[in-house]
Amino acid sequence: MPFYDYRCQQCRAKTTVFTRSVSASVQPTCSQCGSTELQRLVSTFAYHKSVQTVHEESGPPSASPGMDYYKDPRNIGRHVEDFFQKQGMELPQQVQEKIKAAREGVMPKELDL
Ligand SMILES: [Zn+2]
């Protein structure tokens, strides 16, 4: 929901007005003194800031190697194999099949890696 910040010209209080749509006309009144002499505050900075925040949250692909690592099906089950290898154990047939299936594009939900 878009919203606009206004500065009251009478009491300098800041009023935030929510609108149903960007094209809807807004008749803001001061929440403090009821004055209609409100000046729209330019929110360009806030807009850019929010876009930047989105970029920071998603991040460049290289910033999340963990996710990319497991997006590559060839890496699925690798540390399970390593684990069994370090224990000197043979990978159970059932696990082998699940890993093989996952690497071929089948993502089993029950595969607990
Ligand atoms: Zn006011």
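Order of listing sets the numbers, starting from 1, for every ligand and every atom in it.
Residues that satisfy the salt bridge (charged side-chain N to carboxylate O under 4.0 Å, His left out) test with Glu90, not counting sequence neighbours, are absent from this structure.
In this structure, Thr29 contributes its side chain and Gly34 its backbone to no donor-acceptor pair below 3.5 Å.
Note that CG of Leu91 and CZ of Phe83 are 10.5 Å apart. Values are rounded to the nearest 0.5 Å.
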* Please assess Leu41 against Tyr6 for the test side-chain contact (heavy atoms from CB on, under 4.5 Å), listing each intermediate value before the final yes or no. => CA-CA 5 Å; Leu41 296 175; Tyr6 290 88; 5.8 Å; no

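Looking at every heavy atom in both residues, Arg7 comes nearest to Arg12 through NH1-O, 3.0 Å. For the residue pair Gln10 and Cys33, the shortest heavy atom distance occurs at CB-SG, 4.0 Å.
Below the 2.8 Å limit, the Zn ion (ligand 1) has as protein N, O or S neighbours Cys8 SG, Cys11 SG, Cys30 SG, Cys33 SG.
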